[in-house]
Each structure stands twice: as structure tokens, then as C-alpha cells.
Number of protein chains: 2
Amino acid sequence: MAYPPSGSGDGANRDPEHADRLADAVPTRKRPHRSQTRRQVLDAAFTVFSEHGIAASSLNEVAVAAGLTKGAVYSNFASKDDLVLALMEEHAAARTDAALAGFASADDSRHGLVDLAAALVHAMRADAAWHRLLAEYFAMSSHDPRRREGLRRRRREVRDAVARAVARVADGLDTELPFTPAEMATVMLALSNGLAVEADIDPDAVPEDLLGRVLLLIAGDADTGARTRSPSAEDHRRGTPQPDS
Amino acid sequence: MAYPPSGSGDGANRDPEHADRLADAVPTRKRPHRSQTRRQVLDAAFTVFSEHGIAASSLNEVAVAAGLTKGAVYSNFASKDDLVLALMEEHAAARTDAALAGFASADDSRHGLVDLAAALVHAMRADAAWHRLLAEYFAMSSHDPRRREGLRRRRREVRDAVARAVARVADGLDTELPFTPAEMATVMLALSNGLAVEADIDPDAVPEDLLGRVLLLIAGDADTGARTRSPSAEDHRRGTPQPDS
DNA sequence: AAAACTCGATACCGTGCGGTATCGGATACT
DNA sequence: AGTATCCGATACCGCACGGTATCGAGTTTT
């Protein structure tokens with residue numbers, strides 16, 4: 001509550017993203033642009049939060065990790081909550097887009113569900129850090145009506161997007177799915193998330209291809225002769241692959 | 001680190017759970033027994049933690065909710081971590097036992113999987129508060145190797161128990177399951193958990209019987225003529241049922 | 001060039017936490 | 001009954017956090 005000390009809230013930002021690229025003579029801006037600082041903070045926040053968890057991380061840690069100070073953080077974000085929110089929104093959007101784009105291209109191919117599953121699997125395994133963050137955010141949102149509502153809306157969007165995708169794929173299938181697209185989307189998200197959590201706790205318990213196999217099975221393994229459970233004979237490594245961060 | 005002020009650590013507890021039930025003349029013990037106080041604290045902790053989350057709750061809140069003070073809590077638990085751990089262990093054990101017992105009785109009946117699904121569904125819907133807690137605990141354990149290892153071991157036990165149960169049920173089936181019991185157990189846990197999370201965020205997105213239907217489908221709906229989705233025709237309410245707390 | 005403004009660094013504050021020392025009344029031992 | 005012991009209440013400590021005020025270097029405007 002109570003808006004940030006000053007600026008930042010009142011639109012009308014000029015965003016002077018020009019007028020310094022015209023000469024090197026102007027000796028390389030000493031002060032970085034606002035958006036750059038914001039990025040640094042956001043990236044650092046992701047790193048730090050991924051490492052120790054959101055609750056256990058202080059804004060100071062984030063600032064230091066960004067090569068800045070707390071003052072800089074507070075100059076760009078109204079509060080810790082604000083920072084966390086921004087981070088989640090950004091990543092969530094990116095994630096969703098990536099996942100959906102990844103299988104939208106499979107629009108034509110008949111085995112769209114396989115691709116969709118693969119996309120989800122990939123997103124899940126590659127982004128262990130993100131999943132951890134998401135899980136914590138879910139947990140902390142459970143208790144705060146404000147956050148909860150926001151999360152609900154966002155989750156709904158994602159679910160609907162997945163549902164639409166499912167519906168599109170299902171159209172191209174001969175057999176009918178045993179669930180409505182909405183239900184299917186819910187199951188897919190739940191399963192993806194749930195398996196990510198299990199894998200996070202005990203990587204050995206979650207074979208790489210488990211999600212894919214379950215989804216195929218649910219889909220009625222209509223199109224597939226591929227009951228074969230080992231698509232790539234060499235993709236055997238388990239253990240959370242330490243994505244990046 | 002550094003053990004609690006005194007006592008409590010050195011085994012050899014007499015556990016004087018007797019010798020006061022012999023006369024009412026002894027006018028109703030003024031001071032409750034250790035174990036009773038412990039129970040009060042544990043119960044209060046569950047309530048408080050469920051309400052605001054573990055991280056956001058202070059030991060003082062817990063103590064007050066228990067009708068005690070912080071001193072009492074620290075007299076019974078070495079630290080906040082210790083309290084949380086005790087709470088989780090206890091509830092986890094109880095949950096597992098209940099769930100497994102609930103379907104172990106279905107050992108003879110041929111439609112064991114239906115019962116198992118039902119048991120999981122019930123556990124999931126009835127214990128929304130517990131699921132929330134578990135989710136938060138998962139999240140906070142991700143970042144702490146110590147807790148993480150403990151959780152891994154415990155999770156493995158649960159998984160194995162479910163796997164054994166699945167194997168037993170699968171034996172009685174004519175068709176074969178498309179997964180190993182271990183995989184099946186993982187999927188069941190992940191799905192149960194995942195759906196609980198989704199339901200927690202947006203109850204409307206998760207129909208009451210969704211988990212059951214998915215499990216039946218995965219099981220190859222072999223044994224079932226019982227596709228009938230309404231075991232109790234009146235159990236229709238959705239929306240997190242506000243279990244208790 | 002000089003005024004006006006932006007933004008991040010520094011220093012600081014209040015708060016509420018986890019945890020500790022201690023004390024006193026109730027209980028168990030003999 | 002007298003005494004040793006237990007256990008929870010009270011009071012307190014140190015600390016690190018989120019957040020704020022302010023100042024000055026850097027940047028834009030006129």
C-alpha cells in the first residue's frame with residue numbers, strides 16, 4: 001500500500017533510449033540506463049532466489065549479486081513483494097510462450113501430443129530452478145488472498161492456453177480424448193508440476209520419459225505404435241541437470 | 001547447534017503416564033504432563049502454520065495459540081526447525097498409514113485400484129491444509145541439503161509403500177499395468193500432489209473425481225465396469241471444503 | 001555553462017524474530 | 001514432610017531484516 005516514495009509510478013517516462021549511440025566521443029555512459037539496472041536486479045533476483053529460496057533471501061543479497069546496493073533495488077522496485085511479483089510475471093509469461101510455441105509448430109504433424117509432451121518434459125527438466133521458484137511462490141500465495149487471486153488469474157490463462165492447444169491437437173486425432181480439453185490441461189499442468197517436485201526431491205524416482213509416457217497413455221495412445229519406452233537409447237542421464245543459474 | 005538448555009536430550013525418560021489416575025482426590029493435576037503440552041504445541045503449530053504458512057509464523061504465535069508461551073515451546077522443542085520437523089514427521093506418518101490402511105482393506109476385492117484412487121482423492125480433498133503445509137515444506141527443503149535428505153528418505157518410504165500396494169493390486173488384475181509399480185507410485189503421488197496444488201489455487205479447475213478418472217484410465221480401466229464416477233451421489237461439493245483448522 | 005532533475009550509494013531506524021538465562025510453583029522421590 | 005527435580009513463565013539479548021531519508025555523482029534540458 002502507499003505508493004513508492006516518488007517517480008516510477010507516474011507514467012510519462014521519456015525512456016531516452018537514444019541520443020547516445022551517435023558518437024563514441026561521448027565517452028561510454030558512466031551510468032547505465034534504468035532498464036539495464038532493472039534487468040540486472042531481476043536476473044540477480046532469479047539467481048539468488050533460486051539458490052536460497054525467496055523467503056530466505058534478503059534484498060541486500062540480491063542487490064550485491066547484481067553488483068548494486070539495496071538503494072538501487074528500492075529505486076526500481078517498490079518493495080520485496082513488488083520485485084518478486086515482477087520476476088514471477090516475467091518468467092511465467094516467458095515460460096508459457098516458450099512451451100506453447102514449442103508445440104504450436106507441431107500443429108500439422110499428427111503426433112502433436114507427443115511433441116506437446118516432449119515440450120513439457122523439456123521445460124520441466126531444463127527449468128528445475130524455475131519450478132522450485134514456482135513451487136515456493138505457490139506456497140506463499142496460498143496464505144495471502146491478494147497474491148492468491150493474481151496467481152489464480154494467471155494460472156487460469158495458462159490453463160486455457162494449454163486447453164486450446166489440446167483441443168486443436170485432439171481435433172486431428174481419430175480417437176476421442178477421455179477428458180475435456182480443460183480437464184486435460186489441468187492434468188497436464190498438475191502432472192508436470194507434481195513430477196517436477198518429485199524429481200526435485202529425488203531425481204532417481206522420476207525417469208526422464210515418465211511424463212511423456214503417462215500423457216501418451218492418457219491420450220489413448222491412439223496415434224502411437226510408440227509404446228516403446230526408450231525413445232533415445234542414450235538419453236539416460238538422470239539427476240537434475242543443473243540447468244543454468 | 002548446541003543442545004537445548006538442559007534435559008530433554010538425555011534419553012531415559014520415565015514417561016510417568018500413570019499414578020495419577022488412581023484417585024480423583026488428587027484434585028485434577030494443576031500441571032499437565034509433558035506429552036500433553038507437547039501435543040498442544042504440535043496441534044497449535046499445525047493450525048497456525050496452516051493459516052499463515054510456516055515461514056510467516058512465529059513461535060510466539062504458536063505458543064499463544066496453544067495457550068502457552070514461547071518458553072514452553074522451547075522447553076519441548078529445541079528450535080523452530082525441530083518443531084516443524086516433528087510436525088511433518090508425525091503428520092506424514094499418519095497420512096501414509098491412513099491412506100494405505102484405507103485401501104489395504106480392499107485387498108480382497110477385485111477393484112482395489114478404484115478404492116486406492118478413492119482413498120487418495122479423499123485424502124487430497126479432505127486435507128487441503130495438510131497439502132499446503134507439505135508443499136511449503138517441500139519448497140523450503142529444496143534449498144537446505146540437511147532437510148532435503150531427510151525428506152528424500154521419507155518420500156522414498158512413502159513411495160515404496162504405495163508401490164507395494166500397487167503391485168499387490170496389480171497381481172489381482174488380468175491385464176498388465178503399463179508402468180512398473182514404482183513408476184506408478186511416483187505418478188500417483190505426483191498427480192495427487194499436483195492436483196492438490198491446482199485445486200488450492202483454483203478449486204473450480206479441479207473436478208472432484210478427476211484424479212480418480214485419471215488413475216482408472218492409467219490402470220487400463222481393466223477391472224472396471226465401475227466407470228461410474230459417483231460413489232456417493234451426494235458428495236458433490238467442490239471448492240476446498242475447509243477441512244477444519 | 002549552468003540549472004534542473006534522475007537515480008543509486010550510504011547511513012540509519014524500528015521492528016519482530018529466534019534463542020537464552022533465570023526464577024518460581026508444581027511434582028516426584030524417600 | 002522435606003527435598004530434589006522438572007517445566008513453563010518472564011524478561012531479556014543480539015541480530016538481520018525491510019524500509020526510509022538524504023546526499024551527491026551523472027545526465028538532460030535550456
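Keep in mind that this is a model prediction, so the values were computed, not measured. Residue numbering restarts at 1 for every chain, and letters A, B, ... go by the order of the sequence lines.
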Whole-Å distance between [N] [atom2] and [X] [atom1]?
X: A:H33; N: D:dT27; atom1: NE2; atom2: P; answer: 8 Å
X: B:L83; N: C:dG18; atom1: CG; atom2: C1'; answer: 13 Å
X: A:R34; N: C:dC5; atom1: CZ; atom2: P; answer: 17 Å
X: B:N76; N: C:dG18; atom1: CG; atom2: C1'; answer: 17 Å
X: A:F77; N: D:dG19; atom1: CZ; atom2: C1'; answer: 16 Å
X: A:Q40; N: C:dC7; atom1: CD; atom2: P; answer: 15 Å

I need the minimum non-hydrogen distance between [X] and [Y], along with the two atoms involved.
X: B:A185; Y: B:V162; value: CB-CG1, 3.7 Å
X: A:V41; Y: A:V62; value: O-CG1, 4.0 Å
X: A:F46; Y: A:A129; value: CZ-CB, 4.3 Å
X: A:G53; Y: A:E136; value: CA-OE1, 3.3 Å
X: A:H143; Y: B:F49; value: CE1-O, 4.1 Å
X: A:L87; Y: A:L42; value: CD1-O, 3.5 Å

Legend entry - Distance-only donor-acceptor check, side chains A:R152 and A:S141, under 3.5 Å: no
Legend entry - Among C:dG8, C:dT20, D:dA9, the nucleotide that comes nearest once only the side chain of B:Y74 is considered: C:dT20
Legend entry - Residues touching DNA chain D, which here means a heavy atom under 4.0 Å, drawn from residues 56-69 of chain A: A:S57, A:S58, A:L59
Legend entry - Phosphate contact (C:dG8 OP1 or OP2) by A:T37 side-chain N/O below 4.0 Å: yes
Legend entry - N or O in side chain of A:S75 less than 4.0 angstrom from C:dT6 OP1/OP2: no
Legend entry - Enclosure of B:R39 CZ (heavy-atom neighbours >12, cutoff 6.0 Å): yes
Inset, instruction - With sequence neighbours excluded, give me every salt bridge (charged side-chain N to carboxylate O under 4.0 Å, His left out) pair touching residues 53-82 of chain A. - result: A:D81-A:R147
Can you tabulate the close N/O pairs, meaning under 3.5 Å, that link protein atoms to atoms of nucleotides 13-15 of chain D?
none

